[in-house]
Amino acid sequence: MVSGGAGVRLHLVRAEQSAASDDVVDSSSRAEGGEGGDDGDARDGVRVRVLSQGCHGQRSVRAVRRPSCGGVNHPKRQRCHGSVTASAPSPPHVLPFFAMTDPRPVRTRFAPSPSGHLHVGGARTALFCWAFARGRGGQFILRIEDTDRKRSSDAAALAFLDDLAWLGIDWDEGPEAHGCGGGERGPYRQSERRALYDAAFEKLIAGGHAYRAFETAEELDAARAAARVEKREYRYDRAALALDPATVAAWVAEGRPHAVRFRVPDDEAVVFEDAVRGTVRVEASELDDFVIRKADGFPTYHFAVVVDDEHMQVSHVIRAQEHLNNTVKHVLLQAALGYTRPVYAHVSLIFNPDGSKMSKRDKDKTLRRVVKERGLDAPVAVDEKTWAWWQESKDHQLDLDDAESLAAALDAHLPEINIDDFRRAGYLPEVMINYLALLGWSPGEDVEKFDRAFLLERFDLDRVVKSPAKFDREKLLAFNLDALQAMPEADFVAAVRAHAEAHHPAFLERLDEAAFARFAVANKERSKTLDDPFRDGGFFVAGDDTLTYARTKAVRKALVNGEPNGFAHLAAVRETLAAVDVWSVETLEPAVQAYADNHAGGKLGKIAQPLRIAVSGGTISPAIFDTLVILGRDAVLRRIDRLLAHREAISTPAETVS
RNA sequence: GACCCCAUCGUCUAGUCAGGUCUAGGACACCAGGUUUUCAUCCUGGGAACAGGGGUUCGAAUCCCCUUGGGGUCGCCA
């Protein structure tokens, strides 16, 4: 019988489901004592366990969009509530809308495994969790899911903390870093929460909800393989459940390794309300008795997640859609443990432009593909031991440094998928936030550009898009460009300087503060990323004698065509430049313009292009007078002389010549 | 294969829950012009979508069903 739990909830259940209340099981009331209800409803032969309900009682598989969620008042709720009495269909039974609203304070968590940098998908999940909680005065929790002892847990594995901090996503509770973290409900690493899990295991086993299983991983692998060969579906056969208690006790006593499995109820349907997908219904019979404790004593993900969410009082679980099916397990576990069920929201996946799932493993996959294509079997760029380990299994991923050196050695381009990749490529954190938010959420009203404050204020689960999104780098780039252009000059200079400090120190050595500032400003309107000024600006730090000339058609055209041609103009304007009093844009521009007026029909381009080639080696640079000033008179004159000295070679077609 | 989820321009999406105001809006990309000392910007204009089929309705992008397509999950990984 249903007992205890939220009074209002149960009251309404009873009021509405007179005869069949037995099979309506409140998740918070199923604590002990085995199955809470009896055989229950016979109307369709399948007992339905309603663990949560929205206002829509349809049993259709098609999702019914929930109007809102969270403990926030919403005008739509009234309407929703009002419709309840009108429906009252056959199972799953209907609870009024607010029955699924978690009345607790809003607390969300982001729970990655410690596997290095944060990838785009994880970042978006974290962002949604953060925005949802913070926008409602709640807390955002970070938790490390490190129950897999085979995975590394060193400092590098926690690199995602830096990525989060860079994005401006700060956490109220969790590992301590960047001035964030701490909290009362820790520790926030699962490997340090063993006692909590152990207590829960005992409770489940004692209650008959779980049992020890002695098959080894190898045996199970073999059974799965056999099933595959016979083209039948593999299901754990519950052999361990048939063991008599004395045998189990003896085996446990002698220390025989074993896992613990959850006993999945027979003939029940698990129905839960997803805040973005609506009603989801899965028959429990689709599941086999899944492992909740591994032989090494650690909990599996499914178990740890449920225990931790309860202990940390997580009210809303916002995660990727790949977890939608897992939710069934979690809901079952919560019911068996007597836990409160959080509100679930499964957001769609992010795909690569080619339609494949965007994954942190994509770098590794790219590398494996290239290695296979080239038929490589000996270590390249990494040591033998690492190579052997990497080859051993597709689950073994190279760490970033190794991956990058291997990519460099193979001349392969690694896809940008980590937040850190974009950081290094010169994207602004606020742009990443903005774009990420747009991937799967929209504020409506044709609004696309917004900041964190707006997100906090407007983000809600009911506007999260259900269909998967492809990651569009072009659009991200366009957003970054717009943000860069909108920056005050001083901010832009500071950002470019910070980027140089991290990635292009040579520019800071070569350019003094004033020159660097001019360099940044001169590049502002032509930069799409903070890296652009450096990528095309290598000539600024090149030696005057080692500059490389692009020997393209455009270069020859500027130098050779016309009468007088570019070389001739250069030779002449060199003297104009040498004679200028003060080396500044204000003096250079009128001087060169005057020369152009007198010798090139006023066409500044006739002079600017040859000059550009002389000082940069090609046809691409910031505005020419800025470029000259940044370089300084000596370098400019030397470069002009050098070009003139190489005029023959440069006039002949070829790719490049040094 | 079984189960679950999804389906509007090339892409991200608005519109779908409360059917008519949608000859479907915006953004990125693309194409054509224009500005500019190069590249990049910038300006103007343009093409571009309701997956298909049934049904409900006076009326369907919107509600229902089927089909098709895409994705996810089926681990002592998380």
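Letters go in sequence order (proteins before strands), and every chain restarts at 1.
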Open item on the list: When the C1' atoms of B:A49 and B:C12 are compared, how many Å lie between them, rounded to an integer?
Closed with: 13 Å
- [ ] State, without any angle test, whether A:S621 and A:R612 hold a side-chain donor-acceptor pair at a distance under 3.5 Å.
- [x] yes
TODO: Write down the distance separating the P atoms in B:A60 and B:U21, rounded off to the nearest Å.
DONE: 11 Å
- [ ] Nearest whole angstrom, please: distance from the P of B:U41 to the CE of A:M487.
- [x] 19 Å
Task: Pairing partner of B:U21 (Watson-Crick or G-U wobble, both distances under 3.5 Å) - done: none
Open item on the list: Judged by each residue's nearest nucleotide on RNA chain B, which is more toward the 5′ side, A:S467 or A:R612?
Closed with: A:S467
Task: Separation between the P atoms of B:C28 and B:C5, rounded to whole Å - done: 36 Å
Open item on the list: Between P on B:U38 and CD on A:E525, what's the gap in Å once rounded to a whole number?
Closed with: 12 Å
TODO: Assess A:R263 against A:Y211: is NZ or CZ under 6.0 Å from the centre of the six-membered ring, and within 45 degrees of the ring's axis?
DONE: no
Task: Salt bridge present between A:E283 and A:R281 (N-O < 4.0 angstrom) - done: yes
TODO: Starting from P on B:A14, measure out to CH2 on A:W441 and report it in whole angstrom.
DONE: 11 Å
Open item on the list: Can you confirm if the NZ or CZ of A:K470 lies within 45° of the ring axis of A:F351 and under 6.0 Å from the centre of its six-membered ring?
Closed with: no
Task: Complementary nucleotide of B:A7, counting Watson-Crick and G-U pairs under 3.5 Å - done: B:U68
Open item on the list: Can you tell me the base-pairing partner of B:A2? Count Watson-Crick or G-U wobble geometry only, both distances below 3.5 Å, and say none if there is no partner.
Closed with: B:U73
Open item on the list: Does A:G440 reach a base, just sugar-phosphate, or nothing at all? Heavy atoms under 4.0 Å.
Closed with: sugar-phosphate
Task: A:E445 CD to B:A14 P, straight-line distance once rounded to whole Å - done: 12 Å
- [ ] Kindly say whether, by distance alone, the side chain of A:R277 makes a donor-acceptor pair under 3.5 Å with the base of B:C5?
- [x] no
Open item on the list: Ignoring hydrogens and geometry beyond distance, is a side-chain donor-acceptor pair present between A:Q190 and A:Y301 at under 3.5 Å?
Closed with: no
Task: Criterion salt bridge (Lys or Arg N to Asp or Glu O under 4.0 Å) against A:D289, the qualifying member of A:R261, A:R238, A:K329 - done: A:R238
Task: Between B:C39 (P) and A:I613 (CD1): distance, integer Å - done: 12 Å
Open item on the list: In whole Å, I'd like the distance from the CD1 atom of A:I624 to the C1' atom of B:C39.
Closed with: 12 Å
Extract from the structure each pairing of a protein N or O with an N or O of nucleotides 28-34 of chain B at less than 3.5 Å, listing the distance.
{"residue": "B:C28", "atom": "O2'", "partner": "A:K475", "partner atom": "N", "Å": "3.2"}

Open item on the list: Please verify the inter-ring angle class for A:F290 with A:F262; under 30° counts as parallel, over 60° as perpendicular, anything in between as tilted.
Closed with: tilted
- [ ] Report yes or no: is the cationic atom of A:R463 (NZ for Lys, CZ for Arg) closer than 6.0 Å to the six-membered ring centre of A:W441, at no more than 45° off its axis?
- [x] no
Open item on the list: What I want to find out is whether A:R535 reaches A:D532 closely enough, with some N-O distance under 4.0 Å, to be called a salt bridge.
Closed with: yes
Task: Candidate nucleotides B:U41, B:G15, B:C12, ranked by approach to the side chain of A:A469 - the nearest - done: B:C12
Task: Separation between the P atoms of B:C31 and B:G10, rounded to whole Å - done: 16 Å
What N/O pairs connect the protein and nucleotides 74-78 of chain B at under 3.5 Å? Give each pair on its own line.
{"residue": "B:G75", "atom": "OP2", "partner": "A:R224", "partner atom": "NE", "Å": "3.3"}
{"residue": "B:C76", "atom": "OP1", "partner": "A:R224", "partner atom": "NH2", "Å": "3.1"}
{"residue": "B:C76", "atom": "OP2", "partner": "A:R224", "partner atom": "NH2", "Å": "3.2"}
{"residue": "B:C76", "atom": "O2", "partner": "A:A295", "partner atom": "N", "Å": "2.5"}
{"residue": "B:C76", "atom": "N4", "partner": "A:E215", "partner atom": "O", "Å": "2.1"}
{"residue": "B:C77", "atom": "OP2", "partner": "A:K294", "partner atom": "NZ", "Å": "2.8"}
{"residue": "B:C77", "atom": "O2'", "partner": "A:D148", "partner atom": "OD2", "Å": "3.1"}
{"residue": "B:C77", "atom": "O2'", "partner": "A:R151", "partner atom": "NH2", "Å": "3.2"}
{"residue": "B:C77", "atom": "O2", "partner": "A:R151", "partner atom": "NH2", "Å": "3.4"}
{"residue": "B:A78", "atom": "OP1", "partner": "A:T147", "partner atom": "OG1", "Å": "2.5"}
{"residue": "B:A78", "atom": "OP1", "partner": "A:D148", "partner atom": "N", "Å": "3.3"}
{"residue": "B:A78", "atom": "OP1", "partner": "A:K294", "partner atom": "NZ", "Å": "2.5"}
{"residue": "B:A78", "atom": "OP2", "partner": "A:Y301", "partner atom": "N", "Å": "3.2"}
{"residue": "B:A78", "atom": "O3'", "partner": "A:E145", "partner atom": "O", "Å": "3.2"}
{"residue": "B:A78", "atom": "O3'", "partner": "A:E145", "partner atom": "OE1", "Å": "3.4"}
{"residue": "B:A78", "atom": "N6", "partner": "A:N326", "partner atom": "ND2", "Å": "3.4"}

- [ ] Can you tell me, in whole Å, how much space there is between the C1' of B:A18 and that of B:C76?
- [x] 50 Å
Open item on the list: Is A:K466 close enough to B:C6 that one of its side-chain N or O atoms is under 4.0 Å from OP1 or OP2 there?
Closed with: yes
- [ ] Describe the nucleic acid contact of A:Y435 in one word from base, sugar-phosphate, nothing, applying a heavy-atom distance below 4.0 Å.
- [x] nothing
Task: N-O pairing of A:E489 and A:K524 below 4.0 Å - done: no
Open item on the list: What is the distance, to the nearest angstrom, from the CG atom on A:L461 to the C1' atom on B:C17?
Closed with: 16 Å
- [ ] Decide, yes or no, whether a salt bridge links A:E145 with A:R143 under the criterion of side-chain N to carboxylate O below 4.0 Å.
- [x] yes
TODO: Using a heavy-atom cut-off of under 4.0 Å over every strand shown, decide if A:L438 touches base, sugar-phosphate, or nothing.
DONE: sugar-phosphate
Task: Separation between the C1' atoms of B:U35 and B:A40, rounded to whole Å - done: 14 Å
Open item on the list: I need the NE2-P distance between A:H346 and B:G72, as an integer number of Å.
Closed with: 15 Å
Open item on the list: What's the closest nucleotide to the side chain of A:L439 if the choices are B:G72, B:C12, B:U37?
Closed with: B:C12
Task: Opposite nucleotide pairing with B:C42, Watson-Crick or G-U, both atom distances under 3.5 Å - done: B:G34
Task: Pair A:Y595-A:H569, side-chain donor/acceptor within less than 3.5 Å - done: yes
Open item on the list: What's the gap between B:G69 and B:G52 when it is taken at their C1' atoms, as a whole Å value?
Closed with: 10 Å
- [ ] In whole angstrom, give me the gap between the C1' atoms of B:A14 and B:A61.
- [x] 12 Å
